[in-house]
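Worksheet: the structure to be examined is printed underneath.
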Amino acid sequence: MSRFDVRKAVIPAAGLGTRFLPATKASPKEMLPLVDKPLIQYAVEEAVASGIEDIIIITGRGKRAIEDHFDRSVELEENLKGSGKGQLLSQMRHISTLANFCYVRQSEALGLGHAVLCAQRLIGDEPFAVILGDEVIDAPVPALAQLIHAYKKRHGAVIGVQEVPPHEVNRYGIVSPRTVSAGLHRVEGLIEKPSPAEAPSNLAVIGRYVLPPDIFSILRKTKPGKNGEIQLTDALLELAKKSPMFALEIQGQRYDAGDKLGFLIATVEFALKNPSLGPDFSEYLQNRKWPSRERRATRSRKS
Ligand code: UTP
């Protein structure tokens with residue numbers, strides 16, 4: 001094993017999900033389903049497809065459903081077995097074998113930086129990935145795998161970015177870039193939610209990071225910033241002053257599924273791509289009428 005192998009990923013999931021209230025009052029935002037899988041399962045599958053073995057999920061009060069989702073469900077399995085639903089049974093069992101899961105409770109939602117700091121003991125002294133599960137990225141090469149590839153070549157922290165329209169820069173962390181090669185930039189600065197006039201570029205940080213363990217000592221000293229939260233962006237800015245940091249433009253379609261409109265768009269796109277739902281759903285969208293029974297029957301005979 002080389003010291004630049006990235007084996008562990010942190011998925012912070014202890015936020016309050018205020019943009020999605022009231023749905024998130026008593027249920028985790030991370031469990032909202034995109035067609036038939038909860039958002040957090042997309043993040044876990046992306047991590048696993050990128051070579052991650054250990055997944056540390058930062059949870060909080062009211063988030064028990066996340067642990068249950070990645071655990072065995074013996075009663076359900078018995079039931080599926082008894083009713084001869086073998087394919088569904090193996091799909092359900094597979095979820096609990098995706099990775100080694102660990103959970104750390106963040107007792108108060110003190111910010112994304114604080115959530116990442118909660119994983120320090122489980123990460124130890126090795127590089128690690130961070131995935132924000134509400135940013136779903138549909139890409140032929142998993143977004144995190146793109147970052148890990150760059151990290152292994154450059155040996156500096158790599159953060160995932162994508163271009164956003166100028167009027168949207170105030171919703172993101174924006175990097176001040178010095179271009180190194182096509183799609184790869186040295187991070188010279190980072191500014192959280194700037195106005196269009198202040199923004200040094202339109203390259204927005206989009207919820208994927210590969211970080212060295214040095215970030216933890218910085219996070220421990222990071223004071224609460226915007227909204228009184230310990231911001232990961234503030235710690236990244238400090239890290240960039242001490243060691244090279246890169247911004248990689250991620251290739252893929254990104255959906256901000258933590259936001260109501262973004263979630264709806266992601267739902268439509270994933271439903272249209274789903275082989276068993278797509279044709280009927282597309283017909284519904286075109287006519288705004290329930291697809292005819294005959295057409296559905298013909299399609300299901302063909303598939
Ligand atoms: P967000 O700000 O997007 O999520 O944080 P949120 O706070 O849940 O949602 P809104 O903005 O109130 O609607 C980015 C990620 O960081 C996690 C969230 O769960 C989300 O995945 N987070 C945020 C924590 O784990 N702990 C925190 O204290 C804050």
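Note that ligands are numbered from 1 as they come in the structure, with each ligand's atoms numbered from 1 the same way. Because the structure is predicted, anything quoted here is derived from the model rather than measured. Only heavy atoms go into these numbers, but all of them, side chains included; no hydrogens, no water, no symmetry mates.
If you check which protein heavy atom lies closest to atom 12 (O) of ligand 1, you get T18 OG1, 2.5 Å. Nearest to atom 14 (C) of ligand 1 among the protein's heavy atoms is L132 CD1, 4.0 Å. Scanning the protein heavy atoms around atom 2 (O) of ligand 1, the nearest turns out to be R19 NH2, 4.5 Å. Looking from atom 16 (O) of ligand 1 to the surrounding protein, the closest heavy atom is L112 CD1, 3.5 Å. Regarding atom 21 (O) of ligand 1, its nearest protein heavy-atom neighbour is P12 O, 2.9 Å. Protein heavy atom in closest approach to atom 26 (N) of ligand 1: Q106 OE1, 2.7 Å. Atom 28 (O) of ligand 1 has G111 N, 2.7 Å as its closest protein atom, hydrogens excluded (heavy atom only). Ranking protein heavy atoms by distance to atom 25 (O) of ligand 1, first place goes to A14 N, 2.9 Å.
A heavy-atom separation below 4.0 Å is not found between I58 and ligand 1. Heavy-atom distances between H114 and ligand 1 stay at or above 4.0 Å for every pair. The shortest separation from a heavy atom of E30 to ligand 1 is under 4.0 Å, placing the residue in contact. Contact between A13 and ligand 1 is present, with at least one heavy atom of the residue lying under 4.0 Å from the ligand.
For Y151 and F246, the ring centers sit 6.0 Å or farther from each other. In this structure, F4 has its ring center closer than 6.0 angstrom to the ring center of H155.
A salt bridge is defined here as a Lys NZ or Arg NE, NH1 or NH2 lying under 4.0 Å from an Asp or Glu carboxylate O, and R3 with E126 fails to meet this definition. Under 4.0 Å is where a charged nitrogen must lie from a carboxylate oxygen, and between R19 and D256 at least one such pair does. Using a 4.0 Å cut-off between a side-chain N of Lys or Arg and a carboxylate O of Asp or Glu, R72 and E77 qualify as a salt bridge.
Counting atoms of ligand 1 from 1 in the listed order, those under 4.0 Å from a heavy atom of K29 are 3 (O), 4 (O), 6 (P), 8 (O), 9 (O). Atoms of ligand 1 found under 4.0 Å from any heavy atom of L110 (numbered from 1 in listed order, with element): 28 (O). Near A109, meaning under 4.0 Å from one of its heavy atoms, ligand 1 places the atoms 28 (O).
Proximity of E229 to ligand 1, defined as any heavy-atom pair under 4.0 Å, is not found for any part of the residue. Heavy atoms of T24 found under 4.0 angstrom from ligand 1: none, in either backbone or side chain.
Of the listed residues (A115, G17, G113, A43), the one carrying the non-hydrogen atom nearest atom 8 (O) of ligand 1 is G17.
Minimum heavy-atom separation, H185 to P177: CB-CB, 3.7 Å.
Between the side chain of T222 and the backbone N or O of I218, at least one donor-acceptor pair lies under 3.5 Å. Formation of a donor-acceptor pair under 3.5 Å by the S50 side chain with backbone atoms of I52 is not found in this model.
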Start with the C-alpha gap between E46 and R208, add the side-chain angles, then the distance that decides, and say whether salt bridge (charged side-chain N to carboxylate O under 4.0 Å, His left out) holds. CA-CA 11 Å; E46 179 186 321; R208 298 292 182 280; 2.7 Å; yes

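Side chains of E269 and D138 form no contact here, defined as non-hydrogen atoms less than 4.5 Å apart.
V187 and V164 are assigned to two separate hydrophobic clusters, defined by single-linkage of ILVMFWY side chains at heavy-atom distances under 4.5 Å.
Note: F128 and F216 have parallel aromatic rings, judged against thresholds of 30 and 60 degrees for the angle between ring planes.
Remark: ligand 1 and G15 share an N or O pair separated by less than 3.5 Å (distance only, no angle test). For a threshold of 3.5 Å applied to N or O pairs, the pair formed by F20 and ligand 1 contains no separation below that value.
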